[in-house]
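See structure below.
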Amino acid sequence: MKALAFAAVLILAPLSTAHAASDLPVSTPAAEGLSAARLEAMSAAIKAGQFQQITSVLIARHGKLAFEAYYDKDGPEARRNTRSTTKTVTAMLAGAAIARGALPGVQAPIKAWLKDRPPAANSDPRKDKVTVEDLLTMSSIAECDDDNQFSRGNEERMYLIEDWVGFYLDLPVRGFPEWSPRPEASPYGRSFSYCTAGVVTLGQVVQNAVGEPLPAFADKVLFKPLGIEAPRWQMSPLGLAMGGGGLGLRSRDLLKLGQLYANGGQWDGKAVLPADFVKTSVTPHANARQDTDYGYLIWLQSFSGHKAWVMSGSGGQKVAIIPDLDLVAVITTTNFGVRQPHAISEKLLAEHILAAVEK
């Protein structure tokens with residue numbers, strides 16, 4: 001079905017279990033315990049502009065694609081700018097590197113895979129002890145906070161220079177005034193500080209550990225097993241794939257990545273990621289803010305009384321895995337200049353998608 005500009009394209013696949021190994025089987029809302037009427041009302045609200053600029057909504061239930069709709073002119077083949085949902089992909093690649101023995105584990109200091117770097121500024125022995133897990137949990141010792149415009153590690157400052165990894169490594173040690181709890185006084189023993197530069201650096205660590213470019217490793221161990229084709233990586237000025245954001249993927253690709261976590265790392269009966277790594281990834285490691293914890297580059301939230309693991313990117317991009325409902329939802333948007341875009345997408349998730357679950 002060809003989309004007209006800014007018209008919704010609703011794709012409700014016929015009930016079928018025939019599918020390629022890399023595809024999700026398809027079903028209908030009713031067959032998976034979802035209210036078609038509520039989903040139609042959701043689409044009407046989106047088209048009426050009640051959620052600003054939503055571009056797609058996809059829902060899988062019981063491992064089957066039950067609802068798929070596009071609300072822009074680009075349609076299902078568009079590579080959506082996933083923004084920081086890319087960070088969860090980088091966590092997956094770290095897990096794949098550990099599974100292959102390229103990295104010994106999350107406790108490994110990153111310094112061992114950055115030996116060819118020039119000496120870092122603000123030398124401090126505590127910086128030498130930063131681990132893979134510190135970067136996975138946004139809790140390294142570096143003074144890096146994307147939510148603070150005055151932070152020396154704010155990502156907007158990183159984009160102004162050529163060497164993004166060097167930007168992170170040169171950062172000073174973070175200070176903890178009395179109103180900012182030290183790690184030992186924080187929940188889970190880690191002090192959270194959102195830091196894109198640290199995730200970029202983690203991508204470099206994974207690339208150096210596996211001995212091949214990050215996109216090639218991602219294709220081999222993650223994307224090809226899931227049938228994800230032609231991903232569009234953003235690159236740093238020095239040619240490093242941007243592990244911290246901007247990866248272009250189709251909405252269905254995002255749904256597959258969410259379903260992979262819902263399946264405990266399994267895809268079509270095969271282990272793509274280790275089950276124990278996935279389980280640890282969605283275990284709280286740091287408290288990000290009130291009522292929200294953080295795992296391995298994934299947000300741990302609750303909506304309408306249901307725990308959720310959420311891949312999240314600016315503009316309100318969401319891949320929400322709801323384990324107790326066996327549901328995965330994707331919301332993509334172009335709400336980049338809109339006030340509180342995450343709240344908009346979360347309202348759509350809670351008041352329409354979860355409200356559509358009947359059984």
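As a basis for the values below, the full set of heavy atoms in this structure was taken, side chains included, without hydrogen atoms, waters or symmetry mates. Remember, predicted model here, so these are calculated numbers, not experimental data.
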Test ring-ring contact (aromatic ring centres under 6.0 Å, His included) applied to H352 - qualifying residues, sequence neighbours left out: F51
I98: partners by side-chain contact (heavy atoms from CB on, under 4.5 Å), with sequence neighbours left out: L103, V106, F277
Side chain T88, main chain L297, donor-acceptor under 3.5 Å: yes
Under the side-chain contact (heavy atoms from CB on, under 4.5 Å) test, residues paired with Q266 that sit two or more places apart: N263, A271
Validation row, ring centre H285 to ring centre Y294 under 6.0 Å: no
Residues that E351 engages under salt bridge (Lys or Arg N to Asp or Glu O under 4.0 Å), provided they are two or more places apart: none
Residues that K307 engages under salt bridge (Lys or Arg N to Asp or Glu O under 4.0 Å), provided they are two or more places apart: none
Pair listing, ring-ring contact (aromatic ring centres under 6.0 Å, His included) test, anchored in residues 120-164, at least two apart: Y159-W164
Those residues that, when tested against K220, pass side-chain contact (heavy atoms from CB on, under 4.5 Å) (two or more places apart): E212, F217
ring-ring contact (aromatic ring centres under 6.0 Å, His included) partners for Y261, two or more places apart: none
Salt bridge present between K256 and D23 (N-O < 4.0 angstrom): yes
With sequence neighbours excluded, residues passing salt bridge (Lys or Arg N to Asp or Glu O under 4.0 Å) with E143: none
With S191 via side-chain contact (heavy atoms from CB on, under 4.5 Å) - residues at least two apart: R174, F176, P183, S186
side-chain hydrogen bond (donor to acceptor under 3.5 Å, both in side chains) partners for R126, two or more places apart: D124
Any side-chain heavy-atom pair of K111 and R117 under 4.5 Å: no
Residues forming a salt bridge (Lys or Arg N to Asp or Glu O under 4.0 Å) with R83, sequence neighbours excluded: none
